Amino acid sequence: MIIRLKDINKTYPGVVPLHVLKDINLDIDRGELVAIMGASGSGKSTLLNILGILDNYDSGEYYLDYVLIKNLSENKAAELRNRMIGFVFQSFNLISYKNAIENVALPLFYQGVSRRQRNRLAMEQLERMGLADRAHHLPGELSGGQKQRVAIARALITNPSIILADEPTGALDSTTSRDVMQLFRQLNDDGMTIVIVTHDPNVGAATNRIIRISDGRIETPQPITV
Amino acid sequence: MFDLINEIGQAMRNNKLRTGLTGFAVAWGIFMLIILLGLSHGLVSGFEKQSGKRDNNRIAVWQGSTSMPYKGYNKNRKITLKASTVEALNESGNKYIRKASASKNISAATVTGPEDYIASGVTGVTPETRRNQWVEMVKGRFINDADIEARSKVMVISRKTAKTLFGPDSANVVGKRVKSLDLSWKIVGVYSREWDEDEVFVPFSTAVALSGGDPQIWSIDVIVDNVSDEASADEAENALRTELAQIHKFDPEDCSATPMWNRFKNYLQNKTANKILDYAVWIIGIFTMLSGIVGVSNIMFVSVRERVHEIGIRRAIGAKRRNILTQIMLESVAITTIFGYIGIVMGTIAMQVLTVIFKNSENNPLADASVDISIAVKVTIVLIIAGALAGLIPALKATKVKPVEALRDE
């Protein structure tokens with residue numbers, strides 16, 4: 001089990017406290033391609049934040065690759081994000097003044113990898129994405145699909161335990177969306193665990209398992225895979 | 001390190017106008033600081049150049065009147081310094097008195113050469129006079145100890161006097177003879193001086209002998225030993241007064257009997273004043289710079305605010321707080337240092353221009369104004385500290401950016 005959530009609860013404090021995640025139990029195996037679907041306000045973004053070690057939860061336990069993720073210091077969280085998780089975002093989140101290869105290499109910069117080594121690895125990833133000829137282009141000079149592939153290359157460069165994708169096709173047209181999903185399937189075939197948060201049924205249909213969340217609860221009981 | 005520099009360069013290129021405007025404020029502050037430091041440096045080095053030509057460990061003594069009765073003498077008695085006073089001081093063995101000397105003017109003397117004569121009198125002096133009166137030798141030598149010992153009839157004249165006495169062939173007057181006070185004098189040296197080249201120098205002992213007996217002298221110049229600070233300078237002054245009180249029989253406490261000018265004390269006070277000037281300039285300069293620094297701090301705040309999303313992305317993909325803090329602070333230091341250096345260079349050029357323009361004017365502080373390497377080093381240190389301070393608060397703000405920001409769509 002690469003992801004195991006046990007009785008996760010999360011409440012946003014306020015005048016009227018908002019209980020966004022209610023006793024979430026979820027297991028995801030290594031090598032799965034999973035979609036988390038739900039309407040906006042269902043709590044799926046909060047769940048993604050917790051899975052991505054971007055946010056804390058109030059009670060329960062979250063194991064990522066057998067590491068208990070709970071009450072981590074900011075530095076420890078940053079380190080785990082860097083090594084274990086590859087993020088893919090809806091709006092790509094590339095740094096606009098850095099070219100493709102620099103963007104892809106950035107996670108390794110924070111690992112203290114040498115510049116030469118970084119650029120070599122980044123170039124490998126770009127080649128894998130078929131973007132070798134775009135290595136020195138700025139994000140502004142790339143199409144949406146190319147930007148998302150650069151972002152995926154960046155997510156892969158640290159060889160993470162899982163890829164977390166937040167509406168990865170949300171800003172793309174249908175053809176490009178299909179291509180990107182094709183790419184995710186291909187990565188999954190190579191053994192990568194991928195969790196995609198989406199509200200697009202087509203994206204959901206392209207995955208192997210759909211986890212529906214509404215009103216802070218997982219809708220259908222999950223079949224336990226061995 | 002190269003990567004950080006690269007990052008900073010990219011960030012600065014992204015905001016050329018804003019970086020430029022802020023940079024101008026910093027460069028201007030530094031420019032003013034350099035100008036101020038250069039001017040004060042010129043003032044101080046001018047002072048030191050002048051005081052370096054003379055011995056500073058000196059006390060000058062004049063004649064005065066007593067203000068206290070002493071051993072049956074009434075007050076208001078005039079004290080007359082004499083040639084024998086100088087001798088007595090030199091023989092006193094007081095640890096503060098290294099050498100007392102005086103000059104004796106014979107104003108009635110005329111000096112006659114083959115061409116013409118002058119009637120400005122002759123002055124009997126000691127070897128010390130050369131330094132104390134800024135006499136620069138052009139040819140030959142000054143009055144020396146052997147002249148004093150032997151009461152030689154030798155003379156040191158100025159270039160101007162040489163021209164008057166010998167006319168056109170005044171180039172080689174050393175060794176030639178002139179007449180004065182019905183005696184024949186040998187010229188042993190020719191001097192030049194920035195002012196008053198009318199004086200004709202002869203040995204003190206010779207002038208005393210020619211004046212007859214124990215003539216009155218106007219002032220005594222004492223080179224003092226064992227002075228290092230204001231307290232010891234005061235002690236030396238008191239010791240000297242005690243010696244004079246014994247010779248001339250007045251109360252050792254009586255300050256008006258022999259008025260003194262303690263040049264060493266004066267020198268120390270000037271040095272203190274210079275130090276205060278230096279501090280004042282630094283304070284003014286740093287306050288001038290402050291507006292530039294506030295500007296840098298401001299630009300960094302805006303920059304952090306604009307880059308919340310970017311910082312969020314960096315945090316999401318694994319940047320630690322420390323990484324963000326370092327980046328923002330180094331950006332601030334880089335802006336401050338780069339534009340500060342432009343200010344230093346401009347300031348240095350401006351000082352060079354001023355130095356060239358005012359090169360020929362004497363006693364002008366601008367003639368000596370310059371920026372030396374130690375000022376540049378100090379200013380650089382100030383710049384780096386200032387840049388770090390300017391970046392600190394914005395950088396701390398940047399570390400508060402949550403990585404979740406990266407997920408939020410703009």
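Since the model is a prediction, treat every value here as computed from it, not as a measurement.
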Candidate pair B:Lys320 and A:Glu74, rule salt bridge (charged side-chain N to carboxylate O under 4.0 Å, His left out), full reasoning: CA-CA 7 Å; B:Lys320 294 176 182 163; A:Glu74 293 252 9; over 6 Å; no

[atom1]-[atom2] distance between [X] and [Y], expressed to the nearest 0.5 angstrom:
| X | Y | atom1 | atom2 | value |
| --- | --- | --- | --- | --- |
| B:His309 | A:Ser96 | NE2 | OG | 9.5 Å |
| B:Arg307 | A:Ile95 | CZ | CD1 | 8.5 Å |
| A:Phe89 | B:Ile313 | CZ | CD1 | 7.0 Å |

Between A:Leu94, A:Thr158, A:Asn82, A:Ile85, which shows the greatest number of heavy-atom pairs under 4.5 Å with chain B?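 The residue among A:Leu94, A:Thr158, A:Asn82, A:Ile85 with the greatest pair count is A:Asn82.
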
Option from A:Leu106, A:Leu108, A:Asn103 for which side-chain contact (heavy atoms from CB on, under 4.5 Å) with B:Ile317 holds: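 Going through A:Leu106, A:Leu108, A:Asn103 one by one, the side-chain contact (heavy atoms from CB on, under 4.5 Å) with B:Ile317 is satisfied by A:Leu106 alone.
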
Smallest separation among heavy atoms of B:Gly318 and A:Tyr110, with atom names: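 Where B:Gly318 meets A:Tyr110 most closely, the heavy atoms are O-CB, 3.8 Å.
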
Under 6.0 Å from the [atom1] atom of [X], do we count more than 12 heavy atoms belonging to anything else shown?
| X | atom1 | result |
| --- | --- | --- |
| B:Met346 | CE | no |
| B:Lys271 | NZ | no |
| A:Arg120 | CZ | yes |
| A:Lys70 | NZ | yes |
| A:Lys98 | NZ | yes |
| A:His199 | NE2 | no |
| A:Ile2 | CD1 | yes |

Measure distances from A:Arg154 to the heavy atoms of chain B and classify the residue's part below 4.5 Å as side chain, backbone, both or neither.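 Interface part for A:Arg154: side chain.
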
What part of A:Glu102 lies closer than 4.5 angstrom to a heavy atom of chain B: side chain, backbone, both or neither?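 A:Glu102 touches chain B through side-chain heavy atoms alone.
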
Using a 3.5 Å distance criterion without hydrogens, assess whether the side chain of B:Arg315 forms a donor-acceptor pair with backbone atoms of A:Ala78.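 It does not hold such a pair.
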
